[in-house]
**Q** 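Below are the C-alpha cells for one structure; questions will follow.
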Amino acid sequence: MLTLDALTLTQDDFRLTADFKIPTGTRAAVIGPSGAGKSTLLAAIAGFLTPESGGIRWQSSDLTETGPGNRPIAMLFQDNNLFPHLTAAQNVALGLRPNLRLARDETKTVSAALSRVGLADHQSRKPAQLSGGQQSRVALARVLVQSRPLILLDEPFAALGPALKAEMLDLVAELLDETNATLLMVSHDPADARRIADQTILVADGTAHPPTDTKALLDTPPEALKAYLG
Amino acid sequence: MASGPIAIKRALPGWIAAALVAAIVLGTLSAVAMRAEPGRGLGPAEWAAIRFTVSQAVLSAAFSVLLAVPVARAFARRRFAGRRLLISLLGAPFILPVIVAVMGLLAVFGRSGILNETLRFMGLPEVSIYGLHGVVLAHVFFNLPLATRLILQGWQDIPSERFRLAAQLGFTTRDIFHTLERPMLTRTLPGAAAIIFAICLSSFAVALTLGGGPHATTVELAIYQAFRFDFDLGRAALLSCVQIALVGTAAIAALKFSTRDGFGAGLDRPVQRWDAAHPLLRIIDTTAIALAALFLLLPITLVILRGAPALTSLPTSVWAAALASILIALISTVLMLALALPLAIAAGIHSARLETVGLLGIAASPLVIGTGLFIVINPIADPFALALPVTATVNAIMALPFALRILTPSVRDTHANYDRLATSLNLTGFTWLRLVLIPRIRPNLGFACGLTAAMSMGDLGVIALFADPQTATLPLQMYRLMGAYRMELASGAAVLLLGLSFGIFWLFDKGGRARADA
Amino acid sequence: MKYLSIAAGLFAATTAVAETPVLTVYTYDSFVSDWGPGPAVKAAFEETCGCELNLVGAGDGAALLARVKLEGARSDADVVLGLDNNLTAAAVASGLFQEHGQTVTVDVPNPFGEAGTWSDTHFLPYDWGYFAFVYDNTKLATPPASFDELAASDLKIVIQDPRSSTPGLGLLLWVKEQYGTDAPKIWEALADNIVTVTKGWSEAYGLFLEGEADMVLSYTTSPAYHIVAEEDQSKSAAAFGSHYMQVEVAGKLAATDQPELADQFLTFMTTDAFQSIIPTTNWMYPAITPAGGLPEGFAAPIAPEQARLIAPADVPAIRDEALAEWQAALSQ
C-alpha cells in the first residue's frame, strides 16, 4: 500500500496537497488540467522533490528520506528515458545493475526482457537507430527487469501515435499482470485511463484527490474535471 | 531539480581541486611577495604597460571571437570530405610555440614576406605588420582556432532535433539565427572572449616583437623587467595581482552573460541543416572557410617548407628532447584531467562560478608561478629533481581554463538531461562517471586532452628555474639551436615540434570523437 | 647531486659516485647546450680535477643573477659563470660572491687602465666581444659607419629590448656612453630605422636572417660563425669607429662548499684548455688569446680604435636613466 500522509508539496508559489492511500496492485491514472501538478505528484513519490510536510510510505516503510534510486519504484519520464550512447541491452541492463557488470543469468534476464517487448533482434542498437515505439519498448523492458513493486509513468508515450500508444499501454497492462505491480500513470487522455486504469486520481485546484473508480468518475465528472474534459 | 545531497557530493572533489589550484597560484604569488625587498611600486611606465595590455587584449579578443563566428557557422552548416581534418588543422596555430608562429606570420606579412613581395611586384606601397595592428593580427592568428572550436562546439551542442523542428516549421536562416543560434552565441561568445582576453593579457614576446617597440610593453614584460632587470620581486608580485584582477573582472563579466538555459537532449543524431542549401549561403560559408584556412595555414606551411629540409640532419639530442616533451605532455594531460574533471563537474552541476578558478592559471604570470614554486621548493628539495612534476603541474594549470571551457557545458547538459534518469536508476559515484558522464562528454574530453598535451609540448617550460639541463624539452632545444646560430636546424626542430604537437592533439581529439556506433 | 636523464623516453635516476667531489657551476643556458662550450669544458676540466663538473644552465646572464639571489646562501652553486660587466656591480652588492684572489694578464681591452691588467677583485673574465650591427654584404655595399649615419639612412634594424636581453642593454649603454645627454636625440633619430625590438638575441638574429631587417644588433664576432661553420662570407659587422664591449666573467660564491675546486676552476678558465674552446663554441673573443691564436674567421675582426665601456660600478645608476630615455624616445 502506498500512503501519502498529509503530503504538502510546494514549488515556488505552486502548492499541492495529497492525503490518501493506494492499495497494492492498484492501477491508477492521474488526470487533471495542465499545470495542476500531476508530474509534481509523481516527482515527489519518486523522490525528486522533497515534500514541505507530510510523508510518503510504501507498505510499512517510510520513503520520505530515501533517495530516488533506492525507492521501490521504477519510473519513466516524458523524455530522456534512454541514454543515447548505450545500446538497447545496456539501457535495459542498467535496471538490474547500475554498473553494467552483469552475471550470466542477469544477461539472460535482459535478453528475455527485450524479447518480451519484441526487440530480441535489436539488442545492440543505440536509441538513435530505433523508432519511437521501439525506444518506448526498451524503456519498458528496463522497467520489467527492475521488478519494482511501484511503477510511475509520467506520460512516456505522449509522443507516440494513438495506435502505438494503445499498443504500449496494452504492453504495460500485460507486464502488470505478470508482476502484480502497482501503477500510477499520468495522462491527459481519458481514453488511456479507461484502457488500463481501474482507478483514477484527479489532480485539480491544488489537491490530489483520493483514487476513485475510473468509469464512474469519467461518466459523471465533478466540476473541476468537467471543465478539463470539455 | 537536482537532488541536493548528490549534487553536493559530486561537487566536493571539484571544490577540493579548486582550492588546490587557488593554493598553487595564490600561494606562489604570496611566496614571491613575501620574499620581496622594498621596491618602488608601480610607476607611470607600469601604468602605461597596463593600459597597452588591456587595449591590445580587448581588441584581440573581440576580433578573434567575431571573426570566428562565420567560420564556425560555416563548419557547422557544411559537410564535406576532409572537414574534420581541416578543423583539426586549423587548430594548429594555437599550439605553435610563439617564436615559430611569429616567424610564420612574418613569412607572410613581414617586410620580405609574401604579401609585401606581391605588393612590390604590383607597384603598390608596402604595408608594415609592426604596430598595434600587428599585435592584434598575431593574437587573432593564435586564438581564432580556439574561438572557432569553442563556438563550433556551441553549434554542435544544439541537438539535431532542434534544427529538424526548425526545418519543419519552415524557419529561414534568419529565424534559425534568432531562435537557436543567437541564444547559443550570447552564451558562448562571452566565455570564449574572456579566455582569449586572458591569454592575450599575458602575451609578451609576440606583443613586443610585432608591436615594434617599447610602447608595446605588456604587463608580462613589466614583470619580466621587475624580475631580471631590477630584481624587484614586490613589483613583480604586484603586477601579477593586477593581471589576476584584470582576468577576474573579465571572467565575472563573461559569466554574467553566459547564464544558460540548455537546449535539452537529443538522440546524438548527426546534424543536418535543411536551411543551408541556399547558393548565397554556400558561397558565404565557402569563403569563410577558405579565408580562414588561408590565413591560418599559409604561415604554417611556410614554416614547414622552411624547416623540413633540416629534419633529417637534426642531432640526436633534439630527438631525445622530443621524447622528454612527449612524456611531459602526457603527464600534464593526466594531471589536467585530475583537476579539470572534478572542477567541470562541480561547475556544471553546482556552481558555475567555479569555472573562474581555472582562469587563475592563465591570469597568473608563469614567471611568478615558477619563481614562487622555486622559493617554496628550494629549501626543502632539489628543484632539478622536481623539474618533471613541477613542469607538468604548471602546464596542467595553464591548460585548465581551456579544459574547463570545453568540459563544463557538456557536463551541465548531461546533468540537465540525464540526472533524473541516472538518479532513478541509482547510477552514482564512479559508475555514474563511467557509464553516464564520461561517455556523454567524451568528444569534449578528447578535445581538452589534445589541447593540453599540445600546449604542453609547445611550452618552453616553467622558465629556467626548473629546467634540468639533462632533460631539455624540445622547445628549449630549439631555442638553444637558435642561440647557437643554428637557425636552419632550429627551423627543422620547429617542424618536428609542430608535427608532434599536432599529432598528439589529433590523436586525442580523434580518440574522443571515435564512437563505437554500430 | 641528482640528475634526471632520459633513456629511451624513460627517466632513470642515477646517483653520482659519492666519493667524487662535485663542483657545481651555474651558467647561462646556451653555454651548456650541445653547441656551446659546456660539453668540451666539462671534459677538459674533469681530466685534470679529479672531480665532477656539474654545469647547470639557468636562463641567460640576468636570470642567472636573479636565481643566485633567490637561492641566497643556500645555493648549491660554487661558481657562477656568465655574468657580464653590466651585472657585476649588482652581483658584488648582493654580497653573495667572494674575492677570487687571483692575478691574471688578459687580452681584454681595458679602457680604464693599463692594457692587459684586470682589476675586478670578485670576477675573472673568460671571453669578451664588441657589440656591432651585422649586415649582409651582398645586399648592402656601404654600411653606415656611425649611429648618425645609420639614423640618416633608411636602413632597417632589429634590436633587443634592454629589459629582457643582454645585447639590448649593451646597446642602450653604448649609446648612453657615446652620446651622454644627447642619447635621447640619437634614439629619436633611430626610431624610424628600428623595425622592431625583440625579447632576446635569438629572435632578433632570426628576424634579420629572414630578411625582416637590413642590420641586426649582435657582435663583431658573429660573421665568424658564418665563415667558420657555414663557409658563408656574406655576413659582416659594420665598423662604427668605436664599439661598446661586453666582458663575460665568472665568480666564486661566498657560500661554496668547494672553495679549492672553485679556485681551481677559475684558474683553469684562464688557461689554453678552456680558452681555446671559446671562439668556435661561444663565438666570442677568448679573454686570453690561446697559444694557437684565433681560428680563421676571427683573423680579421674590426679593431676599434676606441673600446667603449661604462665602469661596472657606474652601470646601475646610469642604466635606469638610459632606459627611461630609451622608452620615452621610442614610445612616441
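Note on naming: letters A, B, ... go to the chains in the order of the sequence lines (proteins, then strands), and numbering restarts at 1 for each one. All values reported here derive from a predicted model rather than from experimental measurement. These numbers come from the heavy atoms of this one structure, side chains and all, not from hydrogens, waters or symmetry mates.
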**Q** Which atoms of A/Arg142 come close to chain B, meaning under 4.5 Å heavy atom to heavy atom: side chain ones, backbone ones, both, or neither?
**A**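 The side chain, not the backbone.
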**Q** Measure distances from A/Arg101 to the heavy atoms of chain B and classify the residue's part below 4.5 Å as side chain, backbone, both or neither.
**A** side chain
**Q** Under the ring-ring contact (aromatic ring centres under 6.0 Å, His included) rule, collect the residues that match up with B/Phe402, sequence neighbours excluded.
**A**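 With neighbours one apart ignored, the set is B/Phe94.
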**Q** Sort A/Phe77 into side chain, backbone, both or neither according to what part of it lies under 4.5 angstrom from a heavy atom of chain B.
**A**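 Answer is side chain: those atoms of A/Phe77 sit under 4.5 Å from chain B.
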**Q** Considering residues at least two apart in sequence or located in another chain, which fulfil the salt bridge (charged side-chain N to carboxylate O under 4.0 Å, His left out) criterion with A/Asp177?
**A**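 Checked A/Asp177 against salt bridge (charged side-chain N to carboxylate O under 4.0 Å, His left out); matches are A/Arg27.
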**Q** Which bit of A/Gln90 comes within less than 4.5 Å of chain B, counting heavy atoms only: side chain, backbone, both or neither?
**A**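 Neither part.
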**Q** Should the heavy atoms of other residues, nucleotides or ligands under 6.0 Å from CZ of A/Arg97 be counted, would the total exceed 12?
**A**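 Incorrect, the count does not exceed 12.
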**Q** Going by atom types alone, do A/Asp5 and A/Thr3 pair a side-chain donor with an acceptor below 3.5 Å?
**A** no
